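In what follows, chains are A, B, ... by sequence order, proteins preceding strands, each numbered from 1. Remember, it's a predicted structure, so these values are computed and weren't measured experimentally. Computation of the quantities below employed the complete heavy-atom set of this structure, encompassing side-chain atoms and omitting hydrogens, waters and symmetry-equivalent molecules.
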Amino acid sequence: MHEKEMFQNIHEDIDFKSSLNPEQLSAVENIEGPLLVLAGAGTGKTKVLTSRIANILLKGTFPSQILAVTFTNKAAREMADRVAKATGGRSDGIWLGTFHSIASRILRSHAPAVGLKTNFIIIDTSDQLRLLKQIIVEMNIDEKKWNAKKLAAIIGKWKDKGLMPDKVGSSEYCDFGGHSAIELYRIYQARLIALNAVDFGDLLLYNLILLQNNDDILKNYQRRFKYILVDEYQDTNLCQYLWLRLLAQGNQNICCVGDDDQSIYGWRGAEVGNILRFERDFKGASVVRLERNYRSTSHILTAASELISNNKDRLGKTLWTKDNEGDPLKLIAVWDDREEARFVADEIESLQQTKGHSLSQMAVLVRAGFQTRSFEERFIAHSIPYKVVGGLRFYERAEIKDIIAYLRLMNQSSDDLAFERIINVPKRGIGDSTLKSFRDFGRSNGNLSMLDSARAMLQDGILKGKIGNSVENFISLIDKWRNLPEEMTVVEFVETVLKESAYIEMLKAEDSMEAEGRIENIKELLRALEEFETIENFLEHVSLVSDIDMLNQDNMVGIMTMHAAKGLEFETVFLPGWEEGLFPSQRSVDESGTKGVEEERRLAYVGITRAKKRAYILYAANRRVYNQFQSSIPSRFIEELPEGSIEKINMGNGLSFRKESSESYDSIKQRYKSEDSAKQSSIPSMNTTKKTNGNFTVGQRVFHVKFGYGKVTNLSGNQLDVHFDKAGTKKVIETYVEAV
DNA sequence: CTGTTTAGGCTTTTT
DNA sequence: GCCTAAACAG
């Protein structure tokens, strides 16, 4: 097909004028020069981005001349799909991906320029912490007080700002257990280089350094990328900003789409200020505001707008909609988190059964991961299908990480972190002291990798006996796998490793329900592996994509954090846990004061604006924290909601609404604290009533929705130990089993 | 070196 | 309440 025809085809597929409003159209049509699009929630931001890319292609630009960056893989995927659709598949070759994946791609082409080899590995957070911990221990720092997480946070902040150790100003001297944090940062970076590894922050940091220090490389990319597009611009950190600015300085064709009101990643270095800098740094930049909302009813929009107007630090915009008023937001006061979950479950059932609403159009959006628990328990009891989004990530499960560690060691024998992980999994009788001897030997013999140290120690006869044999066997396995025929597929290769390492055997020997689940996960991994040609490709994917693409568009209620919900929309949204301390989170308030509260408020704004038609906000008078009841007071955000757009429902046991009482915050808090002890005694009595309903005895047969039939082996309070016929022994709450 | 017990921390949010 | 890491016993 000739190019001319090709672009005609594109043209036929897009009909900008009829489907875009004037503001959107101007953002799509003005492709030359810097442009900032301030796009409120639900104003068609993705549509603008994809149409703009299509339009750029239509003007005759090659796909490879376009750079489009997002923050999440989900957003990248969606954009890729939509652009492909809009252009009839003529978009192949666009540099479209997350900041990290684009950065990784560029860094791989120039790895030697920053002291890495092309096959560098990308370590995840847990590897990073292990490495930092090793350094902390070696430096004799009190690890209890100065833990690896703290150090990771300090180093991460510098990386977010684009600072290598030598660029961190000495004025920023930061004490870490009697040592300079800068010095520890330097050691950490050196250790990473020795491992031929980078962490997440490095991907971006090294990219910036690469462009700053190599004019020829910079010029090359400036020429290549004629058009740059950035999604969720408000979430960029300084390092990303500087990187973008360098790349865009060539053609000045950069389009950033963002919403200052949806900036919720300040805690990981995002700087809303980048929006304000834009007009200053890019001379002659145009600004387009998208304020017409196509998603929500006016009640929802009003409530969200009113709430966010309490923030001082914002550019300010007015969202409007032609949609009708819809239902007011429902504000529900409940006694505790169980009643909260019960209300939501009942409401979901009624919406589904009496109104025929689809479960996939409902979502529970929580502040923190632990809140999902009570909903899961309740949904299981109601047999409501649900999916916890972003809980434990697939690639983070122990068995998956083990397998990946085997592959990493194959890929690169210097990968000590991988070596340490699997040398004794399955058990080979090689423990901490042996590992330490490898490390010490390596360090005193010219920085040998642990695998090479083990090899040398065998040869020198330092390792012998039982352990020696065991290590020898392990090494010969590795060597054998290395020499497997090239034409083997990745799946075949991994199957061989699984079999010969006796990994599957180990799981089978465990003979537990848990081990069975692990084997299932490994099977899932093998399925995912089919897509990859080489191990390198797969490892790259694993490091940059946190979860397997489960194409579950099934009819399930989503349970997720508000952070994870950004960019999504649902007909009905449940927002539980609007209590002081939880939302806004105590930590944000304590650590970042007003700024922290404002970020939490933006999060609330994001939460509410996910709803198209219905939003429920719930708050409980008591909440289990580490399974202990704590009384709580309603979130300050609740009284910021406009009276006219909310309907209050008190479930009898819930707190009164703050506006209805003249009591001060503190006095309410005081009252509930003292009442709590009194009410505590009423809770057990409620439970005992339930207990007499179905008083279980040891030895009794019971049925559980998830685990099937089983026998009670022990009981304490409302908790039963049940030995299930198929699922093994579990602790369950008695309300979830029924007597048979 | 392994397996069991115990103490302590943990619950923000993610590439 | 759950998980992990350290401590201890075998």
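When heavy atoms are screened at a 4.0 angstrom cut-off, A:Ile430 is found touching the sugar-phosphate backbone but no base atom. Residue-level contact check: A:Asn424 touches the backbone only, with heavy atoms under 4.0 Å from sugar-phosphate atoms and none from bases. At a threshold of 4.0 angstrom between heavy atoms, the contacts of A:Lys149 are confined to the sugar-phosphate backbone, with no base atom among them.
In the displayed structure, A:Glu505 atom CD is contacted under 6.0 Å by at most 12 heavy atoms of other residues, nucleotides or ligands. More than 12 heavy atoms of other residues, nucleotides or ligands shown are found within 6.0 angstrom of NZ on A:Lys74.
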Show each protein N/O and nucleotides 5-8 of chain C N/O combination with a separation under 3.5 Å, one pair to a line.
residue: C:dA6; atom: OP1; partner: A:Lys133; partner atom: NZ; Å: 3.1

Which atoms of nucleotides 13-15 of chain B (N or O only) lie under 3.5 Å from a protein N or O atom, and what are those distances?
residue: B:dT13; atom: OP1; partner: A:Gly369; partner atom: N; Å: 2.8
residue: B:dT13; atom: O2; partner: A:Trp267; partner atom: NE1; Å: 3.2
residue: B:dT13; atom: O2; partner: A:His563; partner atom: NE2; Å: 3.3
residue: B:dT14; atom: O4'; partner: A:Arg268; partner atom: NH1; Å: 2.9
residue: B:dT14; atom: O2; partner: A:Arg268; partner atom: NH1; Å: 3.2
residue: B:dT15; atom: OP2; partner: A:Ser546; partner atom: OG; Å: 3.3
residue: B:dT15; atom: O2; partner: A:His100; partner atom: NE2; Å: 3.1

N/O donor-acceptor pairs under 3.5 Å from side chains in residues 429-441 of chain A, not counting sequence neighbours:
residue: A:Lys436; atom: NZ; partner: A:Asp440; partner atom: OD2; Å: 3.0
residue: A:Ser437; atom: OG; partner: A:Thr434; partner atom: O; Å: 2.6

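Separation of the A:Tyr241 and A:Trp243 ring centroids does not fall under the 6.0 Å cut-off.
Legend: residues meeting side chain to side chain donor-acceptor pair (under 3.5 Å) with A:Thr70, ordered by chain and number and at least two apart, are absent. Scored by the ring-ring contact (aromatic ring centres under 6.0 Å, His included) test, A:Phe71 finds A:Phe99 as partners (sequence neighbours excluded).
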For DNA chain C, what dot-bracket results from Watson-Crick or G-U pairs at under 3.5 Å, with [ ] for crossers and | for inter-strand partners?
||||||||||
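Separating the CD atom of A:Gln586 from the C1' atom of B:dC10 is a distance of 16 Å, rounded to the nearest angstrom.
A salt bridge is defined here as a Lys NZ or Arg NE, NH1 or NH2 lying under 4.0 Å from an Asp or Glu carboxylate O, and A:Glu514 with A:Arg518 meets this definition. Between A:Asp127 and A:Arg408 there is a salt bridge, since at least one side-chain N of the basic residue sits less than 4.0 Å from a carboxylate O of the acidic one. The pair A:Arg268-A:Asp160 fails the salt-bridge criterion, with no side-chain N (NZ, NE, NH1 or NH2) lying under 4.0 Å from an Asp/Glu carboxylate O.
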